[in-house]
Amino acid sequence: MQSTHCQTRVNAVVNEFEDIKIERLEAGRLTVLIERNEIEEQLVSAITRAGYNVTPERSEKSSSCSTGCCG
């Protein structure tokens, strides 16, 4: 997810979910706020289907996913 094209693709996937807010989208890293924890697995699956590797990292404030470009 290093290129603008890849970031745009991931952004489009995330925007399909109503209960997820993008906090930060930058090269190689996506940070989201998930309002309902049960949709995290759906989000990870959707990003993976789009062609990206996802490694979820959790914090008390938010959940985030690190993605690899075109991988």
Side-chain angles (χ1 to χ4, degrees):
M1 195 178 72
Q2 302 298 322
S3 71
T4 303
H5 176 262
C6 290
Q7 291 175 22
T8 300
R9 287 179 59 194
V10 170
N11 186 54
V13 170
V14 175
N15 284 330
E16 292 177 12
F17 293 85
E18 292 180 14
D19 295 335
I20 297 177
K21 178 185 174 200
I22 295 176
E23 291 187 332
R24 185 176 209 162
L25 178 59
E26 58 189 349
R29 186 170 213 71
L30 166 68
T31 305
V32 296
L33 177 62
I34 299 175
E35 294 180 16
R36 295 183 304 128
N37 289 334
E38 61 271 9
I39 63 173
E40 179 180 353
E41 187 175 313
Q42 295 171 9
L43 174 63
V44 169
S45 179
I47 293 172
T48 301
R49 281 192 313 270
Y52 301 92
N53 298 317
V54 179
T55 305
E57 298 174 1
R58 289 166 185 70
S59 71
E60 291 178 23
K61 179 181 172 190
S62 63
S63 295
S64 65
C65 298
S66 297
T67 63
C69 185
C70 307

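We use all heavy atoms of the structure for the numbers below, so side chains are in, but hydrogens, waters and symmetry mates are not.
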Let me confirm one number: the [atom1]-[atom2] distance from [X] to [Y], rounded to the nearest 0.5 Å.
{"X": "Leu30", "Y": "Glu23", "atom1": "CG", "atom2": "CD", "result": "9.5 Å"}
{"X": "Asn11", "Y": "Ile22", "atom1": "CG", "atom2": "CD1", "result": "4.0 Å"}
{"X": "Glu38", "Y": "Glu40", "atom1": "CD", "atom2": "CD", "result": "10.5 Å"}
{"X": "Leu33", "Y": "Ile20", "atom1": "CG", "atom2": "CD1", "result": "9.5 Å"}
{"X": "Arg9", "Y": "Thr4", "atom1": "CZ", "atom2": "OG1", "result": "13.5 Å"}

Does the side chain of Glu57 come within less than 4.5 Å of Arg29's, by heavy atoms?
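A side-chain contact under 4.5 Å exists here.
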For residues Leu25 and Val14, determine if any side-chain heavy atom of one lies less than 4.5 Å from a side-chain heavy atom of the other.
no
Counterpart residues, salt bridge (charged side-chain N to carboxylate O under 4.0 Å, His left out), relative to Arg24 (two or more places apart):
Glu26
Between Arg36 (side chain) and Asp19 (backbone), is there a donor-acceptor pair under 3.5 Å?
no
Main-chain N/O of Glu41 paired to Ser45 side chain as donor or acceptor, under 3.5 Å:
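Side chain of Ser45 to backbone of Glu41: no pair is present.
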